[in-house]
2 protein chains.
Amino acid sequence: MTLLDLSLLGLLADQPLHGYELSKQLRELGRGSVSYGALYPALARLDRKGFVTTAAATTEPPPDTAPMTGSLGAEVARLRRGTPARAQRPTRRRKVYTITEPGRAYLHDLLTRPAEDDRTFAAQFAAAGHLTRTERVDLLEHRRHALRARLAQDHPREADRYRSALRDRDRLSDEAEIEWLDHLIAAERDTQIPHPVDDPVERSPRTVGGSVS
Amino acid sequence: MTLLDLSLLGLLADQPLHGYELSKQLRELGRGSVSYGALYPALARLDRKGFVTTAAATTEPPPDTAPMTGSLGAEVARLRRGTPARAQRPTRRRKVYTITEPGRAYLHDLLTRPAEDDRTFAAQFAAAGHLTRTERVDLLEHRRHALRARLAQDHPREADRYRSALRDRDRLSDEAEIEWLDHLIAAERDTQIPHPVDDPVERSPRTVGGSVS
DNA sequence: GGTTACATGTAACTAGTTACATGATTAG
DNA sequence: CTAATCATGTAACTAGTTACATGTAACC
């Protein structure tokens with residue numbers, strides 16, 4: 001569940017979103033999709049714990065980045081046609097979730113917690129924009145270390161053709177990812193050569209004086 | 001659970017094994033390990049359903065292939081030292097599981113069932129030695145098709161640096177696997193050029209006159 | 001007027017983890 | 001004799017799926 005929490009908070013740290021939209025973004029981000037039977041209970045849990053706040057979005061769509069972000073174009077079109085949207089139709093539609101300060105703190109904790117699992121790393125890296133550069137380098141180096149360790153363990157050589165081929169694939173895949181990591185780590189070190197001064201957060205997360213629940 | 005069933009039966013189709021040994025082989029085969037809290041209940045279930053039979057291995061170790069296969073060397077050493085092993089010590093130790101004919105039929109079903117999931121493919125391919133060459137080629141081609149489909153879907157280009165890098169990694173990984181599949185498929189076609197006569201099973205799975213469910 | 005996509009949720013079930021409990025055998 | 005590893009299992013809990021239930025809005 002920490003994995004779902006992580007993915008959800010990672011997306012909400014960028015901008016407020018509603019459940020259905022979160023589901024879509026998770027689907028295209030990672031492999032496979034979250035079932036609604038997992039998603040909505042998870043969001044309710046995050047709400048209860050105070051990591052997010054909810055608001056019904058009958059009229060105001062969440063402040064969008066681009067005018068055609070997913071399903072959010074609908075309201076725009078309706079407004080253009082002059083159809084009354086905020087009118088006396090209560091239509092309890094979308095519920096928009098906004099991350100809170102405790103939520104950001106929890107996210108930070110989940111992002112800096114070392115993980116051996118492949119999927120957890122992917123989820124962490126997807127939200128790496130919410131880490132400082134040094135934290136991000138730590139994340140990448142920890143991953144590289146984990147992959148090296150996985151490659152290092154000597155398996156008794158496989159008698160079966162297919163099992164041995166499968167191991168080849170896994171080894172190749174891990175080696176390729178280490179190379180990918182090396183490039184990323186190098187890129188992190190290159191951007192803004194750190195004078196003794198370290199880490200001026202390069203992606204400010206939207207709010208300045210955020211209110212806490 | 002079908003995944004565990006598949007992995008377990010795949011190993012047992014090679015030779016009878018006990019739970020602990022199965023656990024070890026699974027650990028070195030795929031990534032990560034099965035917990036005993038999942039393993040033993042699964043074996044009990046397979047037993048109840050008649051897919052495996054059990055026998056207490058107080059004296060006779062399962063007919064081994066090599067004299068030093070894993071923990072099985074222990075009995076050999078003891079026999080050499082003349083220590084009485086089968087003696088009046090009931091020592092309810094290892095429980096050896098042997099696959100049955102219904103079990104093989106079930107395994108065959110699990111192996112030929114098309115799967116989109118990455119881990120299911122890995123488990124299927126690990127037991128590919130128990131398929132005919134044509135079935136195996138089907139398995140590989142289905143996987144290739146699934147990967148191509150995954151690559152084909154156009155994602156709206158990612159604004160975030162890290163998410164976009166993550167997608168690169170996934171794409172590279174899928175492309176590398178397709179190449180790997182191509183080699184394997186070519187190799188399958190090369191071995192024993194099929195005259196009009198197709199599929200003389202090159203790895204007979206222990207029995208000759210197998211019954212079909 | 002029907003199909004598709006949007007949107008949120010619940011209930012029953014399935015699968016798996018962690019922690020516990022127990023004990024045998026082997027190597028130093 | 002003691003630690004590590006072998007070996008099997010159970011109970012409580014956690015996480016997730018599938019199927020159901022309901023309704024709106026957009027497109028053709």
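Values below: all heavy atoms of this structure, side chains included; hydrogens, waters and symmetry mates excluded. Residue numbers start from 1 in every chain, and the chains themselves are labelled A, B, ... in the order their sequence lines are given, proteins ahead of strands.
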How far apart are the C-alpha atoms of Leu46(A) and Leu9(A), what are their side-chain angles, what is the distance that settles it, and do they pass the side chain to side chain contact (heavy atoms under 4.5 Å, CB included) test?
CA-CA 9 Å; Leu46(A) 289 173; Leu9(A) 291 175; 4.2 Å; yes

Working to the nearest 0.5 Å, report the span between CD1 of Ile185(B) and CD of Glu188(B).
9.0 Å

Between dA25(D) (P) and Glu21(A) (CD): distance, integer Å:
18 Å

Quick one: Gln25(B) CD to dA7(D) P, roughly how many Å, whole number?
12 Å

Distance check needed: dA15(D) P versus Leu3(A) CG, whole Å only.
11 Å

Do Arg163(A) side-chain atoms and Ala126(B) backbone N/O form a donor-acceptor pair below 3.5 Å?
yes

How far does the helix from dG1(C)-dC28(D) to dG28(C)-dC1(D) bend, going by the axes of its first and last five pairs, to the nearest 10°?
40°

Hey, what's the ring geometry for Trp180(A) with Phe125(A), parallel, tilted or perpendicular (30° and 60° as the breaks)?
perpendicular

Tyr40(A) OH - dA11(C) P separation (whole Å):
17 Å

Among Arg148(B), Arg144(B), Arg143(B), which residue satisfies the salt bridge (charged side-chain N to carboxylate O under 4.0 Å, His left out) criterion with Asp182(B)?
Arg144(B)

Provide, to the nearest angstrom, the distance between the NZ atom belonging to Lys95(A) and the P atom belonging to dT24(D).
18 Å

Side-chain touch His155(B)/Arg171(B), heavy atoms, less than 4.5 angstrom:
no

Every protein N/O lying under 3.5 Å from an N/O of nucleotides 17-20 of chain C:
unit_1	atom_1	unit_2	atom_2	d
dT17(C)	OP2	Ser35(B)	OG	2.6

Yes or no on salt bridge (Lys or Arg N to Asp or Glu O under 4.0 Å) for Arg94(A) and Glu21(A), after CA distance, side-chain angles and deciding distance?
CA-CA 10 Å; Arg94(A) 295 172 306 177; Glu21(A) 182 65 24; over 6 Å; no

Supply the atom-to-atom distance Glu28(A) CD to Gln153(B) CD, rounded to the nearest 0.5 angstrom.
9.0 Å

How many whole angstroms separate atom CG of Leu26(A) from atom P of dA7(C)?
15 Å

Hey, is the side chain of Lys24(B) poking within less than 4.0 Å of OP1 or OP2 on dT5(D), counting only N and O atoms?
no

Could you state the atom-to-atom distance from CZ of Arg45(B) to C1' of dC13(C) in whole Å?
13 Å

I'd like to check Pro16(A) versus Val96(A) (side-chain heavy atoms, cut-off strictly below 4.5 Å). Are they in contact?
yes

Picking from dG16(D), dG9(D), dG9(C), which would you name as closest to the side chain of Met1(A)?
dG16(D)

Where the side chain of His18(B) is defined as all heavy atoms beyond and including C-beta, which of dG9(C), dT10(D), dT8(D) is the nearest nucleotide?
dT8(D)

Side chain of Arg93(B) - closest among dT5(D), dA25(D), dG23(C)
dG23(C)

OH of Tyr20(A) versus P of dA26(D): gap in Å, rounded?
14 Å

